[in-house]
Amino acid sequence: MSSEIIKVPDIGGSDDVEIIEIAVSVGDVISAEDTMITLESDKASMDVPAPKGGKVVKILVKEGDTVSEGDDILELEAEGAGDDQGDDASDADGETSRDAAASDRDNEPKDDAKSSDKDSAEPVKAAPKKKSSGGGKRTVEVKVPDIGGGDGVEIIEVAVSEGDEIGEEDTLITLESDKASMDVPSPYTGKIVSLSIKEGDSVSEGDLIGTMEVADEGAEEDDGEDATAEDESADDDAEADDGGEGQASQDQDDDDQGGDEGGRKEIRVPDIGGSDGVEIIEVAISEGDEINEEDTLITLESDKASMDVPSPYKGKIVEVAVKEGDSVSEGDLIGYVQMVGAKTPATKKSSSNKSDESKPAPAKSDAEKTSKADKSSDAQAQKDVSGEPSPEARHKHGDDKSEGAHVHAGPAVRKLARELGVELGEIKGSGPKGRILKDDVDGFVKQVMKQRKSGGGASAAPATGGAGIPQVPAIDFSQFGEVEEKPMSRLMRAGANNLHRSWLNVPHVTQFDEADITELEAFRKSMKAEAESQGAKLTPLPFMIKACAYALRKFPQFNSSLHPDGDKLVIKHYVHIGVAVDTPDGLMVPVIRDADRKSLIDLAKESVELAKKAQNKKLSREEMSGASFTISSLGSIGGTAFTPIVNTPEVAILGVSKSSMKPVWNGSDFEPRLMLPLSLSYDHRAVNGADAARFTAFLAQVLTDIRRMLV
């Protein structure tokens, strides 16, 4: 038995992804597709399955490590290793036999070779043909095409429905990654039979979109002809390869050697999804720039998407061969980079001349054309270098005039902004993930024109960003004493962005009230032993969740969201309640689904389970999404009241503070009662103040006497 090292597979291009769980131990016998480790990035958590079965010999990582594609995970003693070796030997023998047979065929007369080619093509012609659905129609699967290597790209729009008749190149779905948005066109003309995806799903290349019914005229004949043509082409290629393999290999070795000596590397346009003639809208580099791997070189924009082209090398830009406005395709030259630590290519010219002497000189007309093209390229490169840096390059070095190159906007929006002379970096997007829409551009232009008109000229243009909020000045605090910079965790940054967005967009109002929970607390304590016998810890939180779920059914406007149009409410017929959990890395809000249909014991068990997952950073995306109302409880810490921020797109959030004994007048005298402070923050666009007061009053009554939930 032999062992092998299992490595991290393709994880969507992400680097340094944290390991949050190791699912195997040394000595475990696992099967193919069993989970080995669980990773968590700033966008998702994912399980890494075993590519084959076997016994775990050694684990090479631990929880908390960060890994990238190709890193070692564990050492596995694969099942049936000895058989595999035998198969490999057999395969090697077979390969040797095939090579010998191929050599014999090369020595045969050409007529025999042609006959052999025909014989080998015959089985392909006789291959079974694709089945037709009858009536000149067939059903085909439509899958996600090459999308530039992106994995788990979100679907933001489904442009077709089942039963639609569509043409070739009509848009099926629109995808949006953190770098670009793109339309996926139909490869056929026909009728949509079924769809396997929906908005919000994440897809990768090869995932099924749906099935289509397309015309099947002449399909069978084409299949046979294509197969024959492919065989003939393959035979021709094989003959050509036999004749020129040595020369090609020698040429490649010479090229590699020269590249290693000089350290000068070509940078060409990578695979851009099959598009041709794509326009360059930004050039982010200039001659002399020091760049790292994955730094943006150029930004392309087609009629369907905009995308950044990253650098495959680290080094210094020595030549730029493109400019803004050029159209490029896959394989076109972008420029040259001098690799870091490489020597200046001093001997490249002499070696090139030596190589040229051993080759026949090209025809005079070809030489003239080549010389002319080289001069034109050199002149253009010199022109680009001597001109102004591109907006992308200016932004890279701190010029905020080109911030639009890094904002989240589609091609049509970028074109509109260019036509209107608007800097996209000054506009606040209202679309998904902060995406800038056409309405945002129009609104910004109207705002600027209104301010100029009221201020009397161009000087009245806003001095700050699109939101019109003055920026906080940067201060060097070290001038006052010793300081330390501590980076925020990923979770804290995400929470800060969400809260800031909600605070800027939602007109917050907070309603305060108190609930007498004296009887509730007595009942809870009397039920603790019974709850523990059922494996539950009965805290005040399950009572709060149950009471809120009951109140949301009575006041459905609090169980709603504002429609993006702003002219209607989306009333939800489910009650999913989020519970804010304080963790060392920041605030997390797991969601209890269908809270109105669960018992107190069930709510107690689920809330504790989700809280533990939050503390251990094991919550899935589904367990943190879909809430229609949120509870934030500080009762275990202290305080008398606070103003929680609404967790948009919800319209309300309940804050709970620490309960305390207070003297309460009962009509004849004061008696001590346990009072619980309630703080209800709400979106005043969706909820009126009177409704908020009614909601908190009703909630307080339910908590005072939980028998009301039985009515």
Side-chain angles (χ1 to χ4, degrees), residues 14-18 40-43 64-66 178 284 289-296 314 389 391-408 423-429 433-434 436 444 447 451 459-508 510 580-589 614-615 617 632 634 636-648 653 655 657-658 679 681:
S14 300
D15 289 327
D16 297 330
V17 183
E18 184 180 357
E40 183 177 74
S41 67
D42 56 350
K43 298 178 181 177
D65 285 354
T66 56
D178 55 352
D289 284 355
E290 296 283 349
I291 61 170
N292 293 316
E293 287 188 32
E294 301 301 321
D295 282 356
T296 298
K314 178 180 181 180
E392 190 85 358
R394 290 199 303 270
H395 178 79
K396 179 181 177 182
H397 295 287
D399 187 349
D400 60 359
K401 293 181 180 179
S402 61
E403 289 180 351
H406 293 270
V407 300
H408 201 26
E423 287 289 345
L424 287 173
E426 298 180 5
I427 302 176
K428 180 177 177 62
K433 301 180 182 177
I436 296 177
F444 177 77
Q447 177 190 359
Q451 291 184 1
S459 60
T464 60
I469 300 174
Q471 296 291 323
V472 177
I475 299 175
D476 180 13
F477 296 102
S478 62
Q479 61 183 313
F480 309 120
E482 185 178 350
V483 297
E484 176 188 1
E485 290 188 357
K486 184 178 180 181
M488 296 174 66
S489 67
R490 175 186 58 80
L491 197 60
M492 291 180 67
R493 291 198 304 269
N497 290 334
N498 291 338
L499 293 173
H500 185 235
R501 181 177 63 246
S502 180
W503 184 253
L504 290 177
N505 287 283
V506 174
H508 281 72
T510 304
V581 177
D582 181 32
T583 74
D585 296 316
L587 194 67
M588 302 186 76
V589 186
Q615 295 289 344
K617 297 190 294 185
S632 179
L634 300 178
S636 61
I637 301 174
T640 57
F642 65 104
T643 55
I645 297 177
V646 174
N647 187 23
T648 52
I653 180 173
S657 299
K658 186 177 182 179
S679 306
S681 290

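- Here the OG-CG distance, from S632 to D582, works out to 9.5 Å after rounding to the nearest 0.5 Å.
- Listed here is the closest heavy atom pair of P584 and Q615: CD-OE1, 3.4 Å.
- Considering every non-hydrogen atom in both M488 and R493, the closest pair reads O-NH1, 2.8 Å.
- The nearest pair of heavy atoms linking T510 to S681 is OG1-OG, 2.8 Å.
- A pairwise comparison of heavy atoms in F444 and I427 identifies CG-CG1, 3.8 Å as the closest pair.
- Here the OG1 atom belonging to T296 is positioned 10.0 Å from the CD1 atom belonging to I291, to the nearest 0.5 angstrom.
- In plain terms, the two heavy atoms of N292 and D295 that are nearest each other are N-OD2, 2.9 Å.
- A 4.5 Å side-chain heavy-atom check between L424 and I436 finds at least one atom pair inside the cut-off.
- Taking CG of L634 as the start and CD1 of I637 as the end, the distance is 5.5 Å to the nearest 0.5 Å.
- Each of I645, V646, L504 was compared with L499 under the side-chain contact (heavy atoms from CB on, under 4.5 Å) criterion, and only I645 meets it.
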Under the criterion side chain to side chain contact (heavy atoms under 4.5 Å, CB included), I'd like the reasoning laid out for S657 against T640: C-alpha separation, chi angles, the key distance, then a yes or no.
CA-CA 6 Å; S657 299; T640 57; 5.7 Å; no
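- Checking side-chain atoms of Q479 against main-chain N and O of D476 turns up a donor-acceptor pair under 3.5 Å.
- Summarising the geometry of E293 relative to K314, their closest heavy-atom pair is CG-N, 3.8 Å, with the distance given to 0.1 Å.
- Although no hydrogens or angles enter the test, the distance criterion places a donor-acceptor pair under 3.5 Å between the side chain of S679 and the main chain of F642.
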